[in-house]
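Only one structure is covered here, and it is reproduced in the block below.
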Amino acid sequence: MHIHRHGRLEAALAALLSVGAGAPSGAASDWPQLWGPTVSGAVEATVPAGAWQLRELWRRPIGSGYSAVTVSGERGYTAESDGATDHAIAFDVKTGRTLWRVPLGETHRGHDGSRDGPIATPAVSAGRVFMTGPRGTLVAFDAASGKELWRKDLLAVPQAQAPFYGFGASPIVAGGRVVIQLGGAEKSGLAAFDAASGALAWTALPSETKGNSSGYTMAAPFALRGQSLLVVTAHDRVFAVKAEDGALAWSHPLAEAEEPMRAPLVLGEDRVLVSRGNSSVLLAVAREGDAWKASEAWTSTRLKGGHSPTVHDNNGSLFGFSGQYLLCIDAKTGEPRWREKTYSGTLIRVGKHLVVLGDSSGVLRVAEAAPTGYREVARANAFNAGSQSIVAPSYGGGRIFVRNVEEMVAFAVSGAPDAGVNP
């Protein structure tokens with residue numbers, strides 16, 4: 001994954017920052033994978049507008065890397081480099097204190113604008129932590145102790161190929177399996193491993209998929225008429241497979257082949273938003289008997305790809321970035337509702353609010369997720385201006401977690417004594 005401010009890096013980032021396919025088990029206040037419980041960059045927490053105060057709880061140094069924070073109970077998980085070795089770490093969410101730190105492998109060196117260290121984000125499920133190392137190892141750890149449970153070489157999967165910027169796709173947990181998107185010289189697909197044993201369960205490499213897709217992004221869970229699917233953006237198309245066996249359910253070609261920028265965003269049971277470098281397209285998905293069909297509802301050049309997820313408010317609005325602007329888009333038509341010059345960054349949605357981190361300003365903002373206009377309700381300086389902060393925020397247990405390649409910071413969302421408001 002290219003960690004430049006432009007191009008594949010951010011694409012990769014967005015992806016890696018996105019972990020999960022199928023919400024791993026955990027409390028309602030958990031953030032168990034990169035883009036939250038449903039891989040949508042959102043959580044339905046109840047935080048009243050007046051409660052948003054962004055009170056800093058703790059700040060600590062962290063090694064280089066682009067791994068975001070996941071949260072399960074009173075523990076958080078991420079990954080870092082110490083300059084020689086890449087590590088997965090667990091920390092106490094109340095204090096930031098490291099609880100365990102275990103090696104992934106020799107540090108992956110950054111190049112062409114990227115920094116050293118891990119790219120993917122850990123996924124947490126059923127007492128285990130799953131992490132992709134940038135050199136191609138998929139590792140399972142005991143969440144409580146950090147004990148390594150199993151380790152797999154992703155390059156041993158048929159047709160897998162090491163991406164130019166290192167393995168950056170984040171694992172997701174679906175149906176008792178750890179699923180990861182892999183790229184290759186000719187195809188892009190998925191591999192699923194048994195979560196308990198690490199045994200390879202299935203691979204999915206659709207025959208029509210073409211192009212050198214680096215595999216920096218990941219799948220998203222998609223339920224349609226009771227069928228559990230995983231939907232994926234590849235180099236030249238979007239496709240979905242059945243979660244239980246990887247069998248192809250549907251496939252839709254994209255107008256131009258290019259590096260996948262982000263995981264798809266599933267809207268309800270019948271729509272999928274696909275964001276690419278210069279545009280976004282909304283697909284309408286229907287099932288007729290045993291057959292699925294996807295068709296394009298609209299395409300917008302206003303909503304463009306980057307390292308941030310686009311989020312949906314469940315009431316007909318999409319929120320995302322287009323260069324220096326934060327946009328609100330009508331999800332039905334693709335037409336803009338408003339835009340605000342916040343400069344580029346990343347965002348998530350927590351209940352009825354957007355949490356936005358500037359990628360070079362270091363400013364953390366909270367604004368209403370409303371179709372009528374941008375209204376900011378809280379702000380804090382998370383990092384020094386000019387620092388590279390392209391990892392999306394995370395939310396868990398009434399706290400916001402942000403990190404860059406040097407620091408990790410936790411904020412309470414209100415003035416409560418410890419963690420703030422819980423969902």
Requested in this report: List the steps and the verdict of side-chain contact (heavy atoms from CB on, under 4.5 Å) for Y374 and T342.
Outcome: CA-CA 10 Å; Y374 178 87; T342 60; 4.2 Å; yes

Requested in this report: I would like to know whether W35 and L265 meet side-chain contact (heavy atoms from CB on, under 4.5 Å); could you show each step before the answer?
Outcome: CA-CA 10 Å; W35 284 346; L265 173 64; over 6 Å; no

**Report entry** S322 side chain to R302 backbone, donor-acceptor under 3.5 Å
**Finding:** yes

Query raised in the report: Is there a side-chain contact (heavy atoms from CB on, under 4.5 Å) between I62 and T78 once you walk through the steps?
Result: CA-CA 10 Å; I62 194 166; T78 188; 3.7 Å; yes

Query raised in the report: Aromatic ring centroids of W58 and F91 under 6.0 Å?
Result: yes

Query raised in the report: Looking just at side-chain N and O atoms, do D359 and S389 make a donor-acceptor pair shorter than 3.5 Å?
Result: no

Query raised in the report: Between R101 and E80, is the closest basic N to carboxylate O distance under 4.0 Å?
Result: yes

Query raised in the report: Can you check whether A68's main-chain N or O pairs, donor with acceptor, with T121's side chain at less than 3.5 Å?
Result: yes

Query raised in the report: Should the ring pair Y77 and W100 be called parallel, tilted or perpendicular, given that the plane angle runs from 0 to 90° and is split at 30 and 60?
Result: tilted

Report task. Look at E407 together with R59 and state whether they make a salt bridge at an N to O cut-off of under 4.0 Å. Result -> yes

Requested in this report: Look at the side chain of R135 and the backbone N and O of L104, then say whether any donor-acceptor pair between them is shorter than 3.5 Å.
Outcome: no

Report task. Without swapping roles, check the side chain of R262 against the backbone of S308 for a donor-acceptor pair under 3.5 Å. Result -> yes

Requested in this report: Under the side chain to side chain donor-acceptor pair (under 3.5 Å) rule, what do S145 and D142 come out as? Steps first, then yes or no, please.
Outcome: CA-CA 6 Å; S145 66; D142 177 77; 2.9 Å; yes

Query raised in the report: Is the side chain of R177 donor-acceptor paired with the backbone N or O of D194 at a distance under 3.5 Å, no angle test?
Result: no

Requested in this report: Only one of E296, R237, K293 passes side chain to side chain donor-acceptor pair (under 3.5 Å) with H252; say which it is.
Outcome: E296

Query raised in the report: Taking it one step at a time, do S81 and S64 satisfy side chain to side chain donor-acceptor pair (under 3.5 Å)?
Result: CA-CA 5 Å; S81 169; S64 182; over 6 Å; no

**Report entry** Sidechain N-carboxylate O distance under 4.0 Å for R375, E340
**Finding:** no

Report task. Give a yes-or-no answer on whether the side chains of S280 and S300 include a donor-acceptor pair shorter than 3.5 Å. Result -> no

Query raised in the report: Between the side chains of R60 and T98, is a donor N or O closer than 3.5 angstrom to an acceptor N or O?
Result: yes

